[in-house]
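Have a look at the structure below before the remarks.
Values below: all heavy atoms of this structure, side chains included; hydrogens, waters and symmetry mates excluded. Quantities reported herein were computed from a predicted structural model and do not represent experimental measurements.
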Amino acid sequence: MNWMLCSVLGYVLAQLVFGFVVSRKIRSEADYLVAGRSLGLGLSVFTVFATWFGAETCIGATAQAYGAGLWGVTADPFGYAVCLLVFGALLAVPMWKRKLTTLADLFRERYGALPERVVVVLLVPTSVMWAGAQIRAFGQVLGATSELALTSSITIAAAVVIVYTAMGGMLADALADFAQGLVLLFGLVMMLVLMIASGDVETALTQHQGTVLGHAATASGLELLEAWSVPVLGSLVAQELVGRVVAARSPEIARKGTLIAAAMYLATGLIPVLVGLVAARLLPGVEPEQVLVHQAARYFPGFARVIFLGALVSAILSTVDSALLAAGSLSAHNLVLPLMGDVSETRKVRINRWAVTFFGVIAYGLALSTQGVYALVEEASAFGTAGVVVCVMFGLFTEFGGTRAALASLATGILVYLTGQHALHWPQPFLASLLAATLAYLAGAFSELSAARSSP
């Protein structure tokens with residue numbers, strides 16, 4: 001085991017110890033899932049930023065820029081930054097005011113128990129896929145810094161993140177995100193400075209400027225719309241984001257924190273993209289998902305490289321614990337606990353921790369079987385979310401539509417997406433599912449109105 005791998009593992013061990021210490025302060029399910037709704041502006045900003053800035057931004061976006069130019073990174077960081085801006089401007093305040101614990105709570109309050117359960121079934125796979133992407137990226141970092149095979153690296157990564165997440169909950173997550181966000185910002189900015197100082201940025205972008213855009217010029221309007229709608233609308237209803245917003249101390253903090261995090265996310269997310277564009281011209285033939293680590297070895301001397309690898313691990317840990325916590329909270333809080341009746345807060349926390357562990361094992365399997373980080377995250381953003389987006393918009397801002405409308409929209413959205421994406425291979429499956437889910441909601445809502453008028 002080389003010294004660099006030992007340093008990375010030591011950093012991870014410190015995170016585990018921190019999670020254990022904070023876990024001892026957890027007394028209730030609200031503490032575990034929404035940090036007692038106590039987050040101030042600083043913690044709110046960094047927990048949203050660090051949660052969103054994960055493996056797909058560091059590892060995945062660099063790999064996509066390396067292989068496909070700017071067209072390959074439409075989703076990240078650009079699309080996801082727009083998603084945060086839209087959420088902060090439109091959804092943060094109304095969601096906070098409803099005092100939700102999970103997004104599925106909105107469905108229970110607005111549409112009833114059955115839509116609540118259905119939306120959990122739809123949302124949990126997206127969080128597990130997102131967690132799988134982070135675990136795979138963690139494995140890539142370990143593999144690039146050691147002699148470990150990818151399978152062994154992913155196995156170690158999975159064990160670490162499952163234990164880390166199950167212990168600490170949202171409180172440990174938010175506090176760790178603050179420290180991890182600072183490490184991440186420092187590491188990426190340091191890389192940008194060194195890369196510019198070396199002259200590689202100027203060389204790559206001036207000598208190869210004709211290939212930087214990739215395939216953007218040949219994309220049709222619908223292709224562009226599909227590429228943007230998946231990260232913007234598909235991620236708008238992510239439990240990972242909702243959980244952080246409702247954990248804020250006030251609605252104003254929820255809104256401001258999300259908007260500031262969006263600006264930080266876009267500015268910082270451009271650095272991995274630039275790294276990928278430069279590496280494609282000056283460092284050909286590298287495994288795409290290990291480009292960022294190889295570039296760190298190129299620019300950082302000795303101990304400074306450990307700091308940068310710590311930044312990568314910070315980005316991954318801050319996102320994977322959020323994804324596993326989202327999957328665990330949705331299943332435990334909205335599916336399991338309602339069936340158990342009146343149970344103690346201690347038992348509620350225990351059940352949530354077991355749910356996190358269970359989905360962590362599933363995410364580990366996905367990390368071993370997937371073909372890449374970026375593809376897994378994009379699938380997570382689109383899978384089953386069309387109907388959820390439609391129901392959330394109607395549910396938050398109107399009184400139009402009830403149980404029948406919600407069920408019709410959720411079922412139609414997932415069926416159209418799965419058919420278009422995996423059976424018929426439509427070029428724009430998410431747009432098709434979004435349109436179908438909207439029409440299904442309207443049809444269900446009007447049928448409810450008609451039934452109400454005809455009843456005596």
Side-chain angles (χ1 to χ4, degrees), residues 18-19 21-52 84 87-110 116 120 123 127 165-181 236-262 318 321-334 337-338 343-353 355-356 392 395-396:
F18 176 78
V21 171
V22 175
S23 71
R24 302 179 68 180
K25 300 179 181 294
I26 295 171
R27 297 290 182 268
S28 67
E29 188 186 33
D31 289 341
Y32 188 75
L33 296 183
V34 291
R37 307 186 195 279
S38 62
L39 302 186
L41 182 60
L43 286 179
S44 291
V45 169
F46 273 91
T47 195
V48 172
F49 165 74
T51 294
W52 229 236
L84 289 178
F87 193 99
L90 296 180
L91 303 182
V93 171
M95 282 199 175
W96 190 95
K97 287 183 175 179
R98 284 182 175 264
K99 299 294 184 181
L100 306 174
T101 298
T102 69
L103 182 63
D105 289 350
L106 172 64
F107 282 76
R108 183 184 65 252
E109 295 174 5
R110 180 66 174 76
E116 173 195 14
V120 169
L123 288 177
S127 294
T165 308
M167 283 194 305
M170 177 67 77
L171 184 59
D173 192 5
L175 292 171
D177 282 348
F178 186 82
Q180 291 166 346
L236 201 60
V237 291
Q239 169 60 27
E240 292 81 356
L241 181 55
V242 174
R244 271 132 195 82
V245 169
V246 300
R249 189 181 303 152
S250 70
E252 190 61 21
I253 288 175
R255 184 183 66 84
K256 284 184 179 179
T258 308
L259 294 176
I260 295 171
S318 63
D321 57 12
S322 305
L324 292 181
L325 187 62
S329 65
L330 284 166
S331 58
H333 178 77
N334 295 102
L337 289 173
V343 298
S344 67
E345 290 296 325
T346 300
R347 192 174 183 190
K348 287 180 181 179
V349 172
R350 187 183 305 120
I351 291 170
N352 274 278
R353 283 177 169 149
V356 167
V392 166
L396 276 179

Is the side chain of W96 donor-acceptor paired with the backbone N or O of A248 at a distance under 3.5 Å, no angle test?
-> yes
Working to the nearest 0.5 Å, report the span between CD1 of I253 and CG of L39.
-> 8.5 Å
All side chain to side chain contact (heavy atoms under 4.5 Å, CB included) counterparts of L33, not counting sequence neighbours | E29, T101, L325, S329, H333, N352
Say you draw a straight line from OG of S250 to CZ of R37; how long is it, rounded to the nearest 0.5 Å?
-> 13.0 Å
With sequence neighbours excluded, tell me which residues meet side chain to side chain contact (heavy atoms under 4.5 Å, CB included) with V343.
-> L337, M340, R347, K348
Heavy-atom nearest pair, A174 first then L43, reads O-CD2, 3.7 Å
Would you please name every residue forming a side chain to side chain contact (heavy atoms under 4.5 Å, CB included) with V120, sequence neighbours left out?
-> A104, V124, L330, N334, L335
Taking all heavy atoms of P251 and all of V93, pick out the closest pair and write down the distance.
-> O-CG2, 3.7 Å
On a heavy-atom basis, the closest approach of Q239 and A326 is CG-CB, 3.5 Å
Would a distance-only check, ignoring hydrogens and angles, find a side-chain to backbone donor-acceptor pair under 3.5 Å from R255 to A92?
-> no
Output for pair (L175 CG, T47 OG1), nearest 0.5 Å, gives 9.0 Å
So do the side chains of F49 and I260 get within less than 4.5 Å of each other, counting heavy atoms only?
-> no
Is there side-chain contact between F178 and V45, with heavy atoms separated by less than 4.5 Å?
-> no
So L103 and M95, side chain to side chain contact (heavy atoms under 4.5 Å, CB included) or not? Walk me through it.
-> CA-CA 9 Å; L103 182 63; M95 282 199 175; 3.6 Å; yes
What's the spacing between L123 CG and E240 CD if we round to 0.5 Å?
-> 9.0 Å
L41 to G257 - nearest heavy-atom pair and separation = CD1-N, 3.7 Å
Under the side chain to side chain contact (heavy atoms under 4.5 Å, CB included) criterion, do R98 and D105 qualify, and how do the steps go?
-> CA-CA 9 Å; R98 284 182 175 264; D105 289 350; over 6 Å; no
What is the distance from atom CE of M170 to atom CG of D31, rounded to the nearest 0.5 Å?
-> 11.5 Å
Please report the closest heavy-atom contact between Y32 and M167, naming both atoms and the distance.
-> CE1-O, 4.1 Å
The reported gap from OG in S44 to CZ in R249 (rounded to nearest 0.5 angstrom) is 8.0 Å
Verdict with reasoning, K99 to V246, per side chain to side chain contact (heavy atoms under 4.5 Å, CB included) = CA-CA 7 Å; K99 299 294 184 181; V246 300; over 6 Å; no
Under the side chain to side chain contact (heavy atoms under 4.5 Å, CB included) rule, what do L241 and L84 come out as? Steps first, then yes or no, please.
-> CA-CA 9 Å; L241 181 55; L84 289 178; 3.8 Å; yes
Work out which heavy atom in G328 is nearest to a heavy atom in S331; give both atom names and the distance.
-> O-OG, 3.1 Å
